[in-house]
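Here the structure is a predicted model, which is why all the values come from computation and not from measurement. Counting starts at 1 for both ligands and their atoms, in listed order.
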Amino acid sequence: MIHFEHVSKRYSEGHDALKDICFTLQTGELAFLTGHSGAGKSTLLKLIMLMEQPTAGHIQVCDQQLTHLGRHEIPFLRRSIGVVFQNHQLLFDRTVFENVALPLQICGYSPQDAARRVRAALDKVGLLDREKMNPLALSSGEQQRVGIARAIVHKPKVLLADEPTGNLDPLLSEEIMRLFEQFNRVGTTVLIASHDLSLIKRMGRRVMTLRSGRLIADG
Ligand SMILES: Nc1ncnc2c1ncn2[C@@H]1O[C@H](COP(=O)(O)OP(=O)(O)OP(=O)(O)O)[C@@H](O)[C@H]1O
């Protein structure tokens with residue numbers, strides 16, 4: 001599903017954020033990416049979602065070589081990926097429903113189809129009764145669940161999360177992780193960047209560790 005072959009990333013300022021990274025994440029796997037601040041976790045996720053380009057090496061996502069993608073193919077690949085951010089990036093001038101519906105509007109779903117999918121996504125994260133509310137009126141754990149509903153509303157094959165529990169207490173963090181497990185159980189491939197080592201340990205899954213841009217452990 002995700003394959004990195006000798007991938008390096010040097011930012012234009014000359015900083016090597018990733019050095020010679022090799023790994024394969026199989027379809028249906030759930031894995032964690034960890035490492036110190038600045039180790040390269042966000043950069044690795046950005047390469048997968050095509051927000052950055054590698055300086056060297058090859059990346060394959062959903063059977064597509066990213067370096068060979070034509071410009072018109074990029075939106076199609078992005079549709080097979082859902083992304084959850086630490087600060088959820090919700091729009092506070094819209095309701096919960098409208099926030100979750102955004103990716104579907106961009107993809108051109110009909111309003112009826114979109115509404116059905118939004119409610120299914122909100123149901124999965126336990127927020128069906130909050131659809132008319134402004135996200136500002138929700139707790140931070142609930143806001144993160146809205147962010148997750150928005151990330152999975154188009155049923156992506158791959159779900160990426162960048163520090164999804166960074167602002168949450170241990171109990172809420174565990175709840176969010178259980179949600180990721182739930183999506184993984186129905187076949188979604190999940191990669192979560194986190195520096196919460198105790199939480200990662202409790203999950204008992206594959207852990208990839210970055211140090212100064214190098215993958216120093218994987219297992
Ligand atoms: N757009 C950019 N331009 C230049 N350097 C960058 C850019 N983005 C990240 N970097 C640098 O690349 C390195 C890796 O950063 P990255 O954000 O991937 O690390 P991280 O492990 O996600 O860190 P954190 O846990 O603090 O978010 C850092 O030294 C960072 O300063």
Report summary line: Nearest non-hydrogen contact to atom 19 (O) of ligand 1 from the set G35, S37, G40, G14 belongs to G40
Query raised in the report: Is the number of heavy atoms from other residues, nucleotides or ligands under 6.0 Å of L171 CG greater than 12?
Result: no
Query raised in the report: Out of H15, K9, K41, whose heavy atom sits nearest atom 20 (P) of ligand 1?
Result: K41
Query raised in the report: What is the closest protein heavy atom to atom 17 (O) of ligand 1, and at what distance does it sit?
Result: S42 CB, 3.6 Å
**Report entry** Protein contact of atom 4 (C) of ligand 1 - nearest heavy atom, named by residue and atom, plus distance
**Finding:** E13 OE1, 3.1 Å
Query raised in the report: Transitively linked via ILVMFWY side-chain contacts under 4.5 Å: L47 with V158?
Result: yes
Query raised in the report: If you draw a 6.0 Å radius around NZ in K19, do more than 12 non-hydrogen atoms from other residues or ligands fall strictly inside?
Result: yes
Requested in this report: Heavy atoms only: give me the nearest T67-G57 pair and the separation to one decimal.
Outcome: CG2-O, 4.4 Å
Report task. Output yes when a protein non-hydrogen atom is found under 4.0 Å of atom 2 (C) of ligand 1, and no otherwise. Result -> yes
Query - Any protein heavy atom < 4.0 Å from atom 31 (O) of ligand 1 - result: no
**Report entry** For atom 9 (C) of ligand 1, the protein heavy atom that lies nearest, with its residue and separation
**Finding:** Y11 CE1, 3.4 Å
Query raised in the report: Run the side-chain contact (heavy atoms from CB on, under 4.5 Å) check on R205 and E181 step by step: do they pass?
Result: CA-CA 10 Å; R205 300 293 192 122; E181 276 191 326; 3.8 Å; yes
Report task. Among all protein heavy atoms, pick the one closest to atom 23 (O) of ligand 1 and tell me residue, atom and distance. Result -> G38 N, 2.8 Å
Query raised in the report: Which heavy-atom pair separates Q65 from H58 by the least distance, and what is that distance?
Result: OE1-CB, 3.7 Å
Requested in this report: Below 4.0 angstrom from a heavy atom of H36, which ligand 1 atoms are there? Numbered from 1 as shown, please.
Outcome: 21 (O)
Requested in this report: Note the single closest protein heavy atom to atom 15 (O) of ligand 1, along with its residue, its atom name and the distance in Å.
Outcome: T43 OG1, 3.8 Å
Report task. Might you point out which heavy atoms bring G28 and N184 nearest each other, and give the distance in Å? Result -> O-ND2, 3.0 Å
